[in-house]
Amino acid sequence: MKDPKVSVREAAEGDLAWCLATDGHLDEAGLLPKIRAHEILVAESDGVPVGLLRFDLMWSAVPFIAQLRVAEAYRRQGVGQALLRTVEERARECGSIAVLSSIALGSDRTATLGWHTAMGFEGFGVVDGMFPGEQAEAFYVKILEP
């Protein structure tokens, strides 16, 4: 990691406004239960939130990264990697051997695809037409080393 001042913690209810502004997909009714379930991680630099990783637990043990956001000024500095490492640790604690993720296709997703590849994810399928008017979604898995 390039920036040793980055730390990762669970989101707290006091982070709700920041999570709402950063997540961009869920409203308060969707985010608050995720915060209470400890399924949102926040990366901080010098005490300021700079990244968010929201995940769902598939089969009660396998994290599925539903949202990963890093403030533009902090990209390519290891923030996403620090968030991923933390969710991987939690996956191992739950007995999982993998972390799942997906990427919406159809727009310029080169950086997102490159990050997934660099972090050890491998593609395992694409779903197209899951919802009317939605882009195809490519799914990825990262098998965790013990």
Side-chain angles (χ1 to χ4, degrees), residues 1-12 15-16 18-27 30-31 33-146:
M1 193 163 98
K2 297 177 186 176
D3 185 356
K5 297 178 186 169
V6 172
S7 60
V8 176
R9 62 173 175 78
E10 291 180 350
D15 296 310
L16 181 60
W18 182 83
C19 289
L20 280 166
T22 303
D23 185 283
H25 285 92
L26 294 182
D27 60 11
L31 284 175
K34 300 296 285 175
I35 289 171
R36 290 176 177 158
H38 311 286
E39 295 175 354
I40 299 179
L41 301 174
V42 174
E44 293 183 326
S45 179
D46 294 325
V48 176
V50 297
L52 172 146
L53 187 149
R54 175 173 47 83
F55 62 95
D56 298 312
L57 283 179
M58 308 295 288
W59 310 287
S60 301
V62 180
F64 179 89
I65 298 172
Q67 187 66 282
L68 175 62
R69 296 273 190 218
V70 176
E72 194 161 340
Y74 289 87
R75 292 180 185 161
R76 299 188 181 272
Q77 296 181 36
V79 175
Q81 184 177 8
L83 287 161
L84 177 61
R85 254 195 321 266
T86 302
V87 85
E88 288 173 357
E89 289 169 13
R90 292 181 180 216
R92 286 184 189 95
E93 290 169 4
C94 291
S96 179
I97 61 163
V99 173
L100 303 172
S101 185
S102 69
I103 302 171
L105 303 176
S107 59
D108 182 20
R109 306 302 287 184
T110 305
T112 304
L113 177 57
W115 182 84
H116 276 78
T117 302
M119 296 297 106
F121 284 89
E122 294 183 21
F124 68 89
V126 175
V127 175
D128 194 6
M130 186 165 40
F131 301 107
E134 291 288 320
Q135 298 174 347
E137 193 86 6
F139 290 84
Y140 292 84
V141 62
K142 179 176 183 179
I143 303 299
L144 302 176
E145 296 181 22

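All heavy atoms count here, side chains included; hydrogens, waters and symmetry mates do not. Nothing fancy with the numbering, it's 1 onward along the sequence.
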**Item:** Backbone of I35 reached by a side-chain donor or acceptor of R54 within 3.5 Å
**Value:** no
**Request:** Could you list the residues that satisfy side chain to side chain donor-acceptor pair (under 3.5 Å) with R9, not counting sequence neighbours?
**Result:** D15, E44
**Request:** Under the side chain to side chain contact (heavy atoms under 4.5 Å, CB included) rule, what do R90 and E10 come out as? Steps first, then yes or no, please.
**Result:** CA-CA 11 Å; R90 292 181 180 216; E10 291 180 350; 2.9 Å; yes
**Message:** Side chains of I103 and F121, heavy atoms from C-beta outward: is any pair under 4.5 Å?
**Reply:** no
**Asked** Between CD of Q135 and CD of E137, what distance do you get to the nearest 0.5 Å?
**Response** 8.5 Å
**Prompt:** Given the rule in the side chain to side chain contact (heavy atoms under 4.5 Å, CB included) test, do H25 and R69 qualify, once you have shown the distances and angles that lead to the verdict?
**Reply:** CA-CA 11 Å; H25 285 92; R69 296 273 190 218; 3.5 Å; yes
**Fill in**
Rounded to the nearest 0.5 Å, the CG atom of L84 sits from the CG atom of L68 at a distance of 8.0 Å
**Prompt:** Shortest non-hydrogen contact from V62 to A98?
**Reply:** CG1-O, 3.6 Å
**Asked** Between CD1 of I65 and CG of L53, what distance do you get to the nearest 0.5 Å?
**Response** 5.0 Å
**Prompt:** Do W18 and L52 come close enough that some side-chain heavy atom pair is under 4.5 Å?
**Reply:** yes
**Message:** Please find the pair of heavy atoms, one from H116 and one from S101, that lie closest to each other, and give the distance.
**Reply:** NE2-OG, 2.7 Å
**Prompt:** Considering all heavy atoms of both residues, which atom of E39 and which atom of D56 are nearest to each other, and what is their separation?
**Reply:** OE1-CA, 4.4 Å
**Request:** Would you confirm whether Q67, through its side chain, and D23, through its main-chain N or O, come within 3.5 Å as a donor-acceptor pair?
**Result:** yes
**Item:** Contact summary for W115 and G80, nearest pair of heavy atoms
**Value:** CZ2-O, 3.7 Å
**Prompt:** If you look at every heavy atom in G51 and V79, which pair is closest and at what distance?
**Reply:** CA-CG1, 4.2 Å
**Request:** Nearest 0.5 Å please: distance from the CD1 atom of I40 over to the CG atom of L26.
**Result:** 7.5 Å
**Prompt:** Which pair of heavy atoms, one from G120 and one from K142, lies closest together, and at what distance?
**Reply:** O-CG, 3.8 Å
**Message:** Please evaluate residues F124 and L100 with respect to the criterion side chain to side chain contact (heavy atoms under 4.5 Å, CB included), reporting the C-alpha separation (whole Å), side-chain torsions for both, the decisive distance (0.1 Å), and the verdict.
**Reply:** CA-CA 10 Å; F124 68 89; L100 303 172; 4.1 Å; yes
**Prompt:** How far does CG of L144 sit from CZ of R92, to the nearest 0.5 angstrom?
**Reply:** 4.5 Å
**Prompt:** When rounded to the nearest 0.5 angstrom, what is the spacing between OG in S45 and CD in Q77?
**Reply:** 7.5 Å
